[in-house]
Colleague: 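Before I ask anything, here is the structure I am working with.
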Amino acid sequence: MAARPGVPTESTIRDWDDADPSGQTYQRVQFIDSDLTEVENRGGIFEECTFRGVRFNASTHTDAAFVNCTFVRCSLFDTTFTRCKLVGSYFDDCTYNLLKVNGGDWSFAGLPGEDLKGTEFTGVKLRESDLTGIRAGKAVLRDLDLSGASLQRADFTGADLRGSDLSTLDPLTVVLKDARIDVTQAMVIAASLGLDVRP
């Protein structure tokens, strides 16, 4: 379902019970109030698409791509992304309860101010992503490539950050109460506070 260049097309698909995005390519398509609940998407490609009010509940996406897409007021309850590419995608006022992201590339993605409490991101590349003001209490954020990411005013209360790149984290601008980190990360944070770390 490819749109003409430069002309967004609104999808007529509302209920995806009989639709399978696996292996399909969608370009500049608008999905409005569509229901992707329990959809199994393997290898589907979405480029510069807009998802507005879309329900992704309990859906699984494996080796799929959502490149430069926009997600507005979408429900990602119990959604799983495995080895997916979401480079340059932007999220606005979405819900993420029980979201699981395993591997994949989310570089340059924007999730400013989003509530990621209790979500799981493992082994994900989030280079230069905008995570300003995210609320990630008790989230699992392990082994993430956060190089160049914006983390100002992020709340990591009780989050598991072990193995993640915290080189751009300013501990004076974020909340780290009860967060779990490893020894290497502790040294990085101490150094960012101006401490002289020695063996």
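None of the values given here were measured: they were computed from a predicted structure. In what follows, residues are counted from 1 in the order of the sequence shown.
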Colleague: To the nearest 0.5 Å, what is the distance between CG on Leu166 and CG on Asp182?
Modeller: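 Answer for the CG-CG pair, Leu166 versus Asp182, is 8.0 Å.
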Colleague: Which distance, rounded to the nearest 0.5 Å, do you find between the OG1 of Thr95 and the CG of Leu116?
Modeller: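 One gets 11.0 Å once the value is rounded to the nearest 0.5 Å.
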Colleague: Going by salt bridge (charged side-chain N to carboxylate O under 4.0 Å, His left out), name the residues that satisfy it together with Asp145, two or more places apart in sequence or in a different chain.
Modeller: Arg127
Colleague: Closer than 4.0 angstrom, basic N to acidic O: yes or no for Arg162 and Asp160?
Modeller: yes
Colleague: Is a side-chain N or O of Gln185 found less than 3.5 angstrom from the main chain of Ser164, in a donor-acceptor match?
Modeller: yes
Colleague: With heavy-atom distances below 4.5 Å as the criterion, would you say the side chains of Pro171 and Leu193 are in contact?
Modeller: yes
Colleague: Are the side chains of Phe108 and Ser129 in touch, meaning some heavy atoms are under 4.5 Å apart?
Modeller: no
Colleague: As an exercise, state the distance from SG of Cys94 to CG of Leu76, rounded to the nearest 0.5 Å.
Modeller: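 Between Cys94 SG and Leu76 CG, I get 6.0 Å after rounding to 0.5 Å.
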Colleague: Please tell me if the side chains of Val72 and Asp93 come closer than 4.5 Å, counting only heavy atoms from C-beta onward.
Modeller: no
Colleague: Kindly determine whether Phe56 and Phe51 satisfy ring pair (Phe, Tyr, Trp, His ring centres under 6.0 Å), including the steps that lead there.
Modeller: CA-CA 10 Å; Phe56 289 90; Phe51 299 89; 5.5 Å; yes
Colleague: Can you name the nearest heavy-atom pair linking Asp33 to Arg55, along with the distance?
Modeller: O-NH2, 3.8 Å
Colleague: Considering residues at least two apart in sequence or located in another chain, which fulfil the ring pair (Phe, Tyr, Trp, His ring centres under 6.0 Å) criterion with Phe91?
Modeller: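 In terms of ring pair (Phe, Tyr, Trp, His ring centres under 6.0 Å), with neighbours along the sequence ignored, Phe91 is linked to Phe71, Trp106.
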Colleague: Kindly determine whether Leu161 and Arg180 satisfy side chain to side chain contact (heavy atoms under 4.5 Å, CB included), including the steps that lead there.
Modeller: CA-CA 6 Å; Leu161 300 168; Arg180 278 167 285 175; over 6 Å; no
Colleague: With a 3.5 Å distance limit and no angle check, can you tell me whether Ser22 reaches the backbone of Gly43 through a side-chain donor-acceptor pair?
Modeller: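 Answer holds: no.
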Colleague: State, yes or no, whether a side-chain contact exists between Asn102 and Thr80 at a heavy-atom distance under 4.5 Å.
Modeller: yes
Colleague: Between Arg28 and Glu48, is the closest basic N to carboxylate O distance under 4.0 Å?
Modeller: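 Here Glu48 pairs with Arg28 in a salt bridge, since their nearest N and O are under 4.0 Å apart.
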Colleague: When rounded to the nearest 0.5 angstrom, what is the spacing between NE2 in His61 and OG1 in Thr79?
Modeller: 5.5 Å
Colleague: Test: ring-ring contact (aromatic ring centres under 6.0 Å, His included). Region: residues 149-198. Which pairs qualify, not counting sequence neighbours?
Modeller: none
Colleague: Compare every heavy atom of Phe46 with every heavy atom of Pro21, then report the nearest pair and how far apart it is.
Modeller: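 For Pro21 versus Phe46, the nearest heavy atoms are CB-CZ, 3.9 Å.
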Colleague: Report the distance from atom CG of Asn41 to atom SG of Cys84, rounding to the nearest 0.5 Å.
Modeller: 7.0 Å
Colleague: Does Val183 belong to the same Ile/Leu/Val/Met/Phe/Trp/Tyr cluster as Val188, with side-chain heavy atoms less than 4.5 Å apart forming each link?
Modeller: no
Colleague: Can you find a pair of side-chain heavy atoms, one from Leu176 and one from Ile189, that are under 4.5 Å apart?
Modeller: yes
Colleague: Can you list everything that forms a salt bridge (charged side-chain N to carboxylate O under 4.0 Å, His left out) with Arg73? Sequence neighbours excluded, please.
Modeller: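 Testing Arg73 for salt bridge (charged side-chain N to carboxylate O under 4.0 Å, His left out), a comparison that skips the adjacent residues, returns none.
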Colleague: Under 3.5 Å, side-chain donor or acceptor atoms of residues 131-144 against the rest of the protein: list the pairs with distances, not counting sequence neighbours.
Modeller:
from   : atom 1 : to     : atom 2 : distance (Å)
Thr132 : OG1    : Asp130 : OD1    : 2.7
Arg135 : NH2    : Gly113 : O      : 2.8

Colleague: Would you compute the distance between atom CG of Asp165 and atom OG1 of Thr168 and round it to the nearest 0.5 angstrom?
Modeller: 6.5 Å
Colleague: Would you say Lys100 has more than 12 foreign heavy atoms packed within less than 6.0 Å of its NZ?
Modeller: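 More than 12 heavy atoms, drawn from other residues, nucleotides or ligands, come within 6.0 Å of this atom.
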Colleague: Less than 3.5 Å apart, any donor N or O on the side chain of Glu114 or Tyr96 sitting next to an acceptor on the other?
Modeller: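 Tyr96 and Glu114 do have a side-chain donor-acceptor pair below 3.5 Å.
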Colleague: Can you find a heavy atom in the side chain of Asp78 that is under 4.5 Å from one in the side chain of Asn57?
Modeller: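 No, side chains not in contact.
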Colleague: Considering residues at least two apart in sequence or located in another chain, which fulfil the side-chain hydrogen bond (donor to acceptor under 3.5 Å, both in side chains) criterion with Asp63?
Modeller: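 With sequence neighbours excluded, Asp63 shows a side-chain hydrogen bond (donor to acceptor under 3.5 Å, both in side chains) to Arg83, given in chain and number order.
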Colleague: Please examine the side chains of Thr62 and Phe81, heavy atoms only from C-beta on, and report whether any two atoms are closer than 4.5 Å.
Modeller: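 Counting from C-beta outward, Phe81 and Thr62 never come under 4.5 Å.
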Colleague: Does the side chain of Cys49 come within less than 4.5 Å of Phe31's, by heavy atoms?
Modeller: yes
